[in-house]
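Working notes for the structure below.
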Amino acid sequence: MSDRPATGRILTGADVRRDVEERPDVCVVGSGAGGAVVAARLAGMGARVVVLEAGGHFTRGDYKMQEAVAYPQL
Ligand SMILES: Cc1cc2nc3c(=O)[nH]c(=O)nc-3n(C[C@H](O)[C@H](O)[C@H](O)COP(=O)(O)OP(=O)(O)OC[C@H]3O[C@@H](n4cnc5c(N)ncnc54)[C@H](O)[C@@H]3O)c2cc1C
């Protein structure tokens, strides 16, 4: 499984300098265990999906497998 979606884009807070308007079929709030699966399944079925995530953006390579570092990232 890839760290990034095959299509689409990721905007972090630093990328957003003005209002962003999207017209998705579905908006999923939270990219945790539930939201990520729902978003991936819907996108795989062809829906246009926006995911809003309050937390930071981390990929597999960011996790150092040390609890003190990794838990706050989770
Ligand atoms: C230390 C720890 C270890 C665990 N270990 C395991 C394990 O080994 N196996 C297992 O099956 N389960 C484990 N769990 C439980 C598992 O993590 C949860 O059951 C699961 O993550 C819940 O999924 P969720 O989608 O409901 O919420 P989460 O995974 O918590 O996702 C919620 C997401 O929504 C985001 N969010 C919240 N509010 C907003 C908002 N207003 N706007 C935008 N984004 C928002 C949050 O930042 C977060 O990313 C563990 C939990 C903890 C705390």
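Everything numeric in this text was worked out from a predicted model, so none of it was measured.
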Partners meeting side chain to side chain contact (heavy atoms under 4.5 Å, CB included) with [X] (sequence neighbours left out):
X: E22; answer: R9, V20, P24, R48, V50
X: D19; answer: none
X: A39; answer: V28, V49, V51
X: F58; answer: D62, Y63, Q73

- Item | Residues clustered with M45, ILVMFWY side-chain links under 4.5 angstrom |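 ILVMFWY cluster around M45 holds nothing else.
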- Item | Any residue meeting salt bridge (Lys or Arg N to Asp or Glu O under 4.0 Å) with E21, in chain and number order, not counting sequence neighbours |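 In terms of salt bridge (Lys or Arg N to Asp or Glu O under 4.0 Å), with neighbours along the sequence ignored, E21 is linked to R23.
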- Task: Go through the structure and list residues passing salt bridge (Lys or Arg N to Asp or Glu O under 4.0 Å) with R18, not counting sequence neighbours.
- Result: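 Once residues adjacent in sequence are excluded, R18 has no partner under the salt bridge (Lys or Arg N to Asp or Glu O under 4.0 Å) criterion.
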- Message: I need the minimum non-hydrogen distance between S31 and A36, along with the two atoms involved.
- Response: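 Closest pair (atom of S31, atom of A36, distance): O-CB, 3.7 Å.
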- Where is the tightest heavy-atom contact between D15 and I10, given as atom of each residue plus distance?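 Here D15 and I10 meet closest at OD2-O, 3.8 Å.
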- Item | Under 3.5 Å donor-acceptor, E53 side chain and G30 backbone |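 Not at all, since once roles are kept as given, no pair shorter than 3.5 Å links the two residues.
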- Task: Could you list all the side-chain hydrogen bond (donor to acceptor under 3.5 Å, both in side chains) pairs where at least one residue sits in residues 33-42, not counting sequence neighbours?
- Result: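 Non-adjacent pairs meeting side-chain hydrogen bond (donor to acceptor under 3.5 Å, both in side chains): zero.
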